[in-house]
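Keep in mind that the numbers below use all heavy atoms, side chains included, and drop hydrogens, waters and symmetry copies.
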Amino acid sequence: NCFSKFLLGWIEPVVINQGTHQLTLAPSDVAPDSALLMPGEPVSDPFAEYFMVQYRRPDGNDDGLPGDGLLIWHVDARLDADGEFLCDNTSTDHKLLRLMEADGLEQIERGRVADAGDFYRPGDVFGPESEPCSDRYDGACTNILVDAIAQVDDAMGLRVSLGSGCAVTCDADVPGTGWPGEALPLHGAAEPANCQGTPSLAWSVDGQTHAQASFEYAFRAGSHPWQLQATLGDAACARHGSVLVCTDGRCNRWRAAVPMHGARAGHAAARLADGRVLVVGGGAPPEVYDPAAGSWSRTGSATGSYLVPATVRLADGRELVTGSTPFEAVNAEIYDADSDSWSVTGQMAHHRLAHSAVVLADGRVLVAGGAFYDLQGNVFDVLETELFDPQTETWSAAGAMADDRVAPGLVRLPDGRVLATGGSAAEVFDPATLTWSAAAGPTFRREYHVTIRLSDGRILVVGGSPQANGEAPRFGEIFDPSTGGWSFTATAMSTNRVGAAAVLLGSGRVLVTGGNDSRGRPLASAEIYDPVTDSWTTVNATGEPRSAHRAIVLDDGSVLVTGGTATPWRGDPDPTAWLATMTVTRYAPPDLEPPRTRRARARIAPAPPH
């Protein structure tokens with residue numbers, strides 16, 4: 001395609017950014033002809049958003065094409081701060097390179113293939129009113145019109161119109177949620193390119209027009225749509241969204257809390273029997289948060305350091321911590337909050353990190369999944385599972401899973417069995433027979449995902465690393481223990497999340513925070529799943545991108561989020577390379593007093609040899 005040739009420096013397309021032009025394009029198999037279209041300042045390199053046009057016919061390397069005519073491509077090759085493409089082709093919503101299908105059927109976007117109907121032929125029109133249209137990805141009209149298409153001997157003629165060539169970009173900063181009667185700030189901005197003058201801005205909120213860039217507005221309870229319109233001559237840009245105003249957990253605020261003493265990511269966190277929160281592992285010594293005092297204190301000394309551990313509360317209120325760190329022999333320890341002391345208990349037969357643990361109905365603890373770094377830095381998946389008996393503080397074999405799972409989901413079912421998610425399929429553990437058996441679904445292969453039990457007993461699975469084909473599981477899946485079947489959530493999350501954290505709120509909704517998107521970029525966003533409406537709602541962002549963090553619901557219903565990392569996801573990460581944070585944030589009603597804060601980051605150590 002012409003974009004790839006342009007990116008490689010093989011061709012120099014005709015760049016058109018204003019006015020009306022008559023073009024003739026020779027076929028791409030014999031000529032370097034193509035046109036680049038976009039109003040605003042002329043595009044000088046491939047790394048921008050624009051449209052490209054070329055003429056292709058079934059000849060030469062193109063002899064397998066289903067037809068011939070003009071192909072029009074929507075390109076968004078902008079780069080992020082790391083010099084990588086902002087977009088790729090894993091999402092149908094916003095692609096790096098998208099073929100405009102002349103027949104308007106959008107079959108490629110529905111998982112099918114291109115066909116002869118996707119070529120623009122004499123009589124076809126591509127413009128602001130066509131389907132697909134020539135709008136930018138942000139919805140702004142470009143005024144690009146391609147018409148008067150005609151066969152000219154062995155070439156294709158066309159007319160291109162871009163009007164004045166003026167372009168306007170705009171941005172709106174509006175809180176996603178608020179409380180009734182609270183004055184919320186709305187900020188708008190617009191920038192012109194290749195035109196004179198200043199864009200005019202106007203807001204439409206609750207049926208009222210506000211002709212200024214920024215203002216404050218107090219909403220009543222409910223969902224309130226808004227729109228920002230920026231215009232200058234024949235150029236326009238619009239932004240729209242909605243504000244959810246309520247008095248429940250969906251409209252809580254993120255408040256910076258007192259940071260931990262040590263930076264940590266991939267750690268374990270647990271609410272203790274007295275309501276305090278224990279954090280352990282992830283690159284720092286263990287410590288406890290006291291919600292009443294809003295402060296952190298270090299615990300007594302633990303023997304192990306626990307790189308990516310798991311923790312569960314035993315029947316007597318103590319916390320069992322499991323996990324391995326290279327060069328260390330201790331992989332299991334118990335914390336007693338009453339005496340603030342640690343004691344080494346029986347040791348697992350298999351070292352493991354990024355595993356999961358769950359308490360069985362009889363009080364024993366099942367540990368499954370994870371991986372292990374040896375002293376040479378090699379990584380091995382752990383298929384064998386183990387059972388811990390708190391009465392004897394000993395471990396016993398619990399059989400091997402058929403599939404390796406890193407950071408699996410382990411949830412106890414109503415009948416006492418345990419569902420394991422992650423990897424290529426689900427499995428079920430039967431404590432009575434100490435055996436694992438294959439279970440149906442889910443559809444997506446997931447690792448570093450979130451598994452959580454809903455109030456009605458069903459199990460929600462969301463997020464996880466993309467599949468081998470690059471498809472990212474934005475849709476959640478729900479397992480119903482009463483039927484043994486899986487179903488997709490009715491709507492998808494705003495983005496896929498790898499290494500996110502999730503908690504069940506007192507309302508029965510699920511709060512999901514952070515993680516990395518399908519491109520590996522860290523996220524500060526958060527959203528809530530409502531099982532009753534089977535829908536997702538984007539809520540206020542946490543303020544700091546983080547993954548491999550932990551979230552805990554406190555006794556007052558607020559949510560404490562600890563640590564994590566903003567290190568981009570690069571497949572199967574080495575946790576010792578994560579740049580961890582000691583920052584803490586709290587999701588709570590706005591009437592809670594925000595505590596003081598400070599920020600710092602540190603690199604986790606030690607690193608295993610490579």
T562-R550 side chain donor-acceptor pair, cut-off 3.5 Å: no
Is it the case that the side chains of T451 and T421 hold a donor-acceptor pair, with the cut-off being a distance below 3.5 Å and no angle test? yes
Residue pairs passing the ring-ring contact (aromatic ring centres under 6.0 Å, His included) test with at least one member in residues 499-548, sequence neighbours excluded, are Y529-W536
Heavy-atom pair of closest approach, residues E49 and M38: O-CE, 3.4 Å
Is the shortest side-chain heavy-atom distance between R521 and D80 below 4.5 Å? yes
Are any of the side-chain nitrogens in D530 or R509 under 4.0 Å away from the carboxylate oxygens of its partner? yes
Check this for me: does any side-chain nitrogen of one of E477 and R446 sit under 4.0 Å from a carboxylate oxygen of the other? yes
Rounded to the nearest 0.5 Å, how far does CG of L232 lie from CD of E191? 11.5 Å
For Q227, I'd like to know if atom CD has over 12 heavy atoms of other residues, nucleotides or ligands within 6.0 Å. yes
Output all residues satisfying disulfide (SG to SG under 2.5 Å) with C133, sequence neighbours left out; order by chain, then residue number. none
Minimum heavy-atom separation for L366 and F429, please, with both atom names. CD2-CD2, 3.7 Å
Can you find a pair of side-chain heavy atoms, one from E447 and one from S465, that are under 4.5 Å apart? yes
Surrounding CD of E129 (heavy atoms of other residues, nucleotides or ligands, distance under 6.0 Å), is the total greater than 12? no
Please determine, by modelled atom types, if T231 and S200 share a side-chain donor-acceptor pair under 3.5 angstrom. yes
For G188 and L201 the tightest heavy-atom approach is C-CD2, 3.7 Å
Residue pairs involving residues 488-517 (criterion ring-ring contact (aromatic ring centres under 6.0 Å, His included); sequence neighbours excluded): F444-F488
Please tell me whether T513 and H549 have a donor and an acceptor in their side chains that are separated by less than 3.5 angstrom. yes
Plane angle bin for W296 and Y289 - parallel if under 30°, tilted between 30 and 60°, otherwise perpendicular: tilted
Taking only residues two or more places apart in sequence, or in another chain, which ones meet R412 in a salt bridge (charged side-chain N to carboxylate O under 4.0 Å, His left out)? none
Distance in Å, L410 CG paired with L419 CG, rounded so as to fall on 0.5 Å steps: 8.5 Å
Look only at the side chain of W203 and the backbone of A213, and say whether a donor-acceptor pair between them is shorter than 3.5 Å. yes
Side-chain contact, heavy-atom cut-off 4.5 Å: P408 with V406? no
Does R255 reach the main-chain N or O of R253 with its side chain, forming a donor-acceptor pair under 3.5 Å? no
Can you list the steps and then say if V205 with L186 is a side-chain contact (heavy atoms from CB on, under 4.5 Å)? CA-CA 10 Å; V205 180; L186 289 80; 4.0 Å; yes
Report the distance from atom CD1 of I108 to atom CE of M100, rounding to the nearest 0.5 Å. 9.0 Å
Minimum side-chain heavy-atom gap C246-W179 below 4.5 Å: no
Under 3.5 Å, is there a donor on one side chain and an acceptor on the other for R546 and T583? yes
Ring pair (Phe, Tyr, Trp, His ring centres under 6.0 Å) involving Y587 - partner list, sequence neighbours excluded: W254
Can you name the nearest heavy-atom pair linking A256 to T585, along with the distance? N-OG1, 4.3 Å
Residues R98, D76: salt bridge by 4.0 Å N-O rule: no
I'd like to know if the side chain of D206 pairs up with that of Y217 as donor and acceptor (distance under 3.5 Å, no hydrogens or angles considered). yes
Report the C-alpha distance between L244 and C251 in whole Å, list the side-chain angles of each, state the deciding distance to 0.1 Å, and finish with yes or no for side-chain contact (heavy atoms from CB on, under 4.5 Å). CA-CA 7 Å; L244 175 65; C251 297; 4.1 Å; yes
In D555, D290, D556, the residue satisfying salt bridge (Lys or Arg N to Asp or Glu O under 4.0 Å) with R271 is D555
Take V258 and S295 through the side-chain contact (heavy atoms from CB on, under 4.5 Å) test and state the conclusion after the steps. CA-CA 6 Å; V258 174; S295 61; 5.6 Å; no
For T489 and D534, does a side-chain donor sit closer than 3.5 Å to a side-chain acceptor? no
A side-chain contact here means heavy atoms from C-beta on lying under 4.5 Å apart; do I552 and V503 qualify? no
Restricting to disulfide (SG to SG under 2.5 Å), what partner residues turn up for C170, sequence neighbours left out? C237
Checking H267 side chain against A263 main chain: does a donor-acceptor pair fall under 3.5 Å? no
R78 and E84 ion-paired at < 4.0 Å: no
Quick one, T537 with E527, criterion side-chain hydrogen bond (donor to acceptor under 3.5 Å, both in side chains). Give me CA distance, side-chain angles, the key distance, then yes/no. CA-CA 5 Å; T537 300; E527 45 198 314; over 6 Å; no
Looking at H240, I want to see if its NE2 is surrounded by more than 12 non-hydrogen atoms of other residues, nucleotides or ligands under 6.0 Å. no
Backbone N/O of G262 and side chain of E287: donor-acceptor pair under 3.5 Å: yes
Give me the one residue out of V512, V461, L460, I459 that meets side chain to side chain contact (heavy atoms under 4.5 Å, CB included) with I452. L460
If you look at every heavy atom in G457 and P481, which pair is closest and at what distance? O-CG, 3.5 Å
Can you check whether G422's main-chain N or O pairs, donor with acceptor, with R405's side chain at less than 3.5 Å? yes
Derivation of the side-chain contact (heavy atoms from CB on, under 4.5 Å) call for R497 and L523: CA-CA 8 Å; R497 299 175 186 273; L523 298 165; 3.8 Å; yes
Donor-acceptor pair, distance only, cut-off 3.5 Å: does the side chain of E101 make one with the backbone of E106? yes
Can you check whether G464's main-chain N or O pairs, donor with acceptor, with N496's side chain at less than 3.5 Å? yes
Parallel, tilted or perpendicular, as decided by the 30° and 60° cut-offs, for the rings of Y137 and H94: parallel
Please check if the side chain of T581 supplies one atom and the backbone of T565 the other of a donor-acceptor pair under 3.5 Å. no
Tell me, do L511 and N252 make a side-chain contact under 4.5 Å, heavy atoms counted? no
Would you please say whether a donor-acceptor pair under 3.5 Å links the side chains of E319 and T311? yes
Nearest 0.5 Å, what's the OG1-CG distance between T169 and D138? 8.0 Å
In Å, rounded to the nearest 0.5 Å, how long is the span from CD of Q107 to CG of L99? 11.0 Å
Using every non-hydrogen atom in the two residues, find where A172 and L228 come nearest and quote the distance to one decimal. CB-CD2, 4.0 Å
Kindly say whether W226 contributes a backbone atom to a donor-acceptor pair with the side chain of S204 at under 3.5 angstrom? no
If only side-chain N and O atoms count, and only distance matters, is there a donor-acceptor pair under 3.5 Å linking N516 with S547? yes
